[in-house]
Amino acid sequence: MNRATQLQQLKEDTLWDMVVIGGGATGLGIAVDAASRGYKILLVEQADFGKGTSSRSTKLVHGGVRYLEHGNIKLVKEALRERGWLLKNAPHLTSVQPFVIPVRRFWQKWYYGLGLRFYDLLSGKLSLGQTKLLSAKETVELLPALDAKKVKGGILYYDGQFDDSRLCIDLASTAVLHGATLVNYCRVIALVKEKKKIVAVKLKLTDSDEELEISTKSVINATGVFTDSIVQMDDPGSEQMVDPSQGIHLVVDKIHFPGTHALMIPKTDDKRVLFAVPWYNKVVIGTTDTPVDEVTEEPLVLEEEVDYILEHINRYISPAIERSSILSVFAGLRPLVRSKEGTSTALLSRDHTIVVSASGLVTITGGKWTTYRKMAEDAIDNAVFISKQDKRLCVTRNLPIGDPIATIQKKENLIKERPELDQLLHPDFNYKWVDVVYAVQHEMAITVEDVLARRTRILFLDAKAAMDCMDIVINLMRETLGESEAWASDQQRIFLDLAEGYR
């Protein structure tokens, strides 16, 4: 997956079956689905793959336990089925994660226990493990950080875990393997119409003044929280579809939350679920739900959100986690489908919505990571129908994602050619110099943020560590890309400014 090759294909091909706008989970899933069915597909992303919401999740592949309480059985059942297929198709990026819900009243053990038994039942043959009721002693043994004086028992259940932005990159490489063309840092600036139907898109590359007009039979808008900007590009009079909501996560060292089991607090003050999940030898704690008015590529963490998470997690654990213990904090925006006035964003459905405009634009929004594959299937089916193309069967239920063995082999070959690449980027992480070079040559990374935030996860795990190894990454990228000293200086300034927002 080389960016120069992808750009060449973009400029040479004259007519596409589909153009997908957006390179997050949904857009990349669509690219994989379309390419594996044999459609000629182009995907463009205005920033980097997974730059927005798709790299900022709680890192869980789950059916959505709390949706059971809201009575959304259909969504839970679909998500559990999708969870099973994702764990099977991407075993190198996913795992089974045991969770414990601690309870403070005896009736809660039975209430949540019955709900989670039903959760198991809905997953059927794709169940990850059997729910078990725990005594107070067993609960504290599994979650040593709990304040034992406040625990009356618990429930053990199982869900999935994954690396979200790495899955984005493997979806991208899988799409390319099946014949798709993908270009990051490429923005749609206009939709071209004939007889009120979209027949082409105008594109502009971030690093160039050049504009391209690309002919296509159909266009799919999969831009998440930026959905409305494309909808209004198509029809300036359109109503707003998305109510964006911000959620943040804190990352702390495992010393504050030892063990291998995750914590799930089933109800916070604003009726959300709070998780503390072991991830890459750290612990991710979140999340919040804060309505926002402005959609940005890099949402800012609010200190009141940090205080909210610390207050809720510290009600359960001892000793308390202090603000100074946080290694990284990141914010993401959810593309929640707009509802009636007065509805809390915490209560809006995470189910997805598809809208087809009079011009033929297919817009898909809402949903969640776990159901990305089904969202992609539905989007392609709609695009094919509207554009009157031949219908072909979806094959992604059993389609392997990525090729980890080939990736390892390519990195080993790079190290044979350049033994100095077999050095750690940072003593606290397993990432090596070779990962940077590989990310540029085969994963379309063109900025330091691409490498430290999404090809590796260092920025999300420890902001200071990311700043400490920034210069090594800049030097390796500059050499590999053939960039100038001015580029290196710009990258250093931009990344330092960015990383400060994660501290």
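- Side chain of Q6 to backbone of V183: no donor-acceptor contact under 3.5 angstrom is found.
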Next item on the list: Kindly indicate, with the supporting measurements, whether the criterion side chain to side chain contact (heavy atoms under 4.5 Å, CB included) is fulfilled by F49 and L171.
Entry: CA-CA 10 Å; F49 304 123; L171 284 170; over 6 Å; no

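- Closest approach of T216 and V19 over heavy atoms only: OG1-N, 3.4 Å.
- Looking at Y431, its side chain does come within 3.5 Å of a backbone N or O of R457 through a donor-acceptor pair.
- Using a 4.5 Å heavy-atom threshold, the side chains of I30 and L43 count as separate.
- Looking at every heavy atom in both residues, A25 comes nearest to S54 through N-OG, 2.8 Å.
- Smallest separation of non-hydrogen atoms from L461 and V251: O-CG1, 3.5 Å.
- Using a distance-only test at 3.5 Å, with no hydrogens or angles considered, a donor-acceptor pair links the side chain of S165 to the main chain of R454.
- Annotation for K464: atom NZ does not count as buried by contact number, only 12 or fewer foreign heavy atoms lying within 6.0 Å.
- Between K77 and L122, the shortest heavy-atom contact is CG-O, 4.1 Å.
- For the pair L80 and Y119, the minimum side-chain heavy-atom distance is below 4.5 Å.
- With respect to the salt-bridge test (charged N to carboxylate O, under 4.0 angstrom), the residues D490 and R493 qualify.
- If you take OG1 on T58 and CH2 on W279, they are separated by 11.0 Å, rounding to the nearest 0.5 Å.
- Remark: the backbone N or O of N184 is paired with a side-chain donor or acceptor of R3 at under 3.5 angstrom.
- Taking the charged nitrogens against the carboxylate oxygens, K59 and D164 do have a contact shorter than 4.0 Å, which makes a salt bridge.
- Taking the side chain as every heavy atom from C-beta outward, T365 and V355 never approach each other to under 4.5 Å.
- Between the R83 side chain and the H62 main chain, no donor and acceptor come within less than 3.5 Å of each other.
- Looking at S123 and L128, their side chains never come closer than 4.5 Å, going by heavy atoms from C-beta outward.
- Counting heavy atoms from C-beta on, the side chains of H92 and D170 come closer than 4.5 Å.
- By the neighbour-count criterion of 12 heavy atoms within 6.0 Å, atom CG of N430 is sparsely surrounded, having that number or fewer from other residues, nucleotides or ligands.
- A donor-acceptor pair shorter than 3.5 Å can be found between the side chains of S245 and R334.
- A side-chain donor from one of N413 and Q409 sits under 3.5 Å from a side-chain acceptor of the other.
- Side chains of D234 and S359: a donor-acceptor N/O pair is present below 3.5 angstrom, by distance only.
- In this structure, CG on L205 lies 4.5 Å from SG on C186, to the nearest 0.5 angstrom.
- Of the possible polar contacts, none joining the D33 side chain to the G29 backbone as a donor-acceptor pair under 3.5 Å is found.
- For the pair N221 (side chain) and I230 (backbone), a donor-acceptor distance under 3.5 Å is absent.
- We find that D17 and R392 are not joined by a salt bridge, their nearest charged nitrogen and carboxylate oxygen being 4.0 Å or further apart.
- Considering only heavy atoms from C-beta on, V448 stays 4.5 Å or farther from I494 through its side chain.
- Judged purely by distance below 3.5 Å, without hydrogens or angles, the side chains of Q246 and E305 pair a donor atom with an acceptor atom.
- Going from atom CD of Q46 over to atom OG1 of T206 covers 8.0 Å, rounded to the nearest 0.5 Å.
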Check: When you look at W85 and T396, which way does the side chain to side chain contact (heavy atoms under 4.5 Å, CB included) test go after all the steps?
Finding: CA-CA 9 Å; W85 287 330; T396 54; over 6 Å; no

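- One finds the NZ atom of K254 at 6.5 Å from the OG1 atom of T260 (value rounded to the nearest 0.5 Å).
- Taking both residues in full, the closest heavy atoms of G63 and D159 are given as N-OD1, 3.8 Å, listed atom of the first, atom of the second, then distance.
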Note to self: Would K432 and D422 count as a side chain to side chain contact (heavy atoms under 4.5 Å, CB included) here? Give the steps.
What the structure shows: CA-CA 6 Å; K432 294 184 176 182; D422 196 23; 2.6 Å; yes

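- With rounding to the nearest 0.5 Å, the separation of OG1 in T290 from CD1 in I248 is 8.0 Å.
- Considering only heavy atoms from C-beta on, W16 comes within 4.5 Å of I214 through its side chain.
- Looking at every heavy atom in both residues, V362 comes nearest to A383 through CG2-CA, 3.9 Å.
- A salt bridge between E377 and K374 is absent, with no side-chain N of the basic residue lying under 4.0 Å from a carboxylate O of the acidic one.
- Inter-residue side-chain proximity for I472 and V436 is flagged as unmet; no heavy-atom pair is nearer than 4.5 Å.
- Rounding to the nearest 0.5 angstrom, the gap separating the NE2 atom in H249 from the CD1 atom in I326 is 13.0 Å.
- Annotation: Y157 is in aromatic contact with F99 [ring centroid separation under 6.0 Å].
- Ion pair R455/D48 flagged as a salt bridge, since at least one NZ, NE, NH1 or NH2 atom sits closer than 4.0 Å to an Asp/Glu carboxylate oxygen.
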Next item on the list: Given side chain to side chain contact (heavy atoms under 4.5 Å, CB included), test D403 with L177 step by step and report yes or no.
Entry: CA-CA 10 Å; D403 190 344; L177 180 68; 6.0 Å; no

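- Between the side chain of D228 and the backbone N or O of M241 there is at least one donor-acceptor pair closer than 3.5 Å.
- The cationic group of R37 does not satisfy the cation-pi geometry with Y39, failing either the under 6.0 Å distance to the six-membered ring centre or the 45° limit from the ring axis.
- Listed for the T223 side chain is no donor-acceptor partner under 3.5 Å among the backbone atoms of G22.
- Of the charged side-chain nitrogens involved, at least one lies within less than 4.0 Å of a carboxylate oxygen, so that E82 and R373 count as a salt-bridged pair.
- Proximity of a side-chain donor or acceptor of N382 to a complementary backbone N or O of A379 within less than 3.5 Å is not detected.
- W369 and Y372 have perpendicular rings, their planes meeting at more than 60° on a 0 to 90° scale where under 30° would count as parallel.
- Atom CD of E294 has 12 or fewer heavy atoms from other residues, nucleotides or ligands within 6.0 Å.
- For the residue pair E449/T447, the side-chain donor-acceptor check at 3.5 Å is not satisfied.
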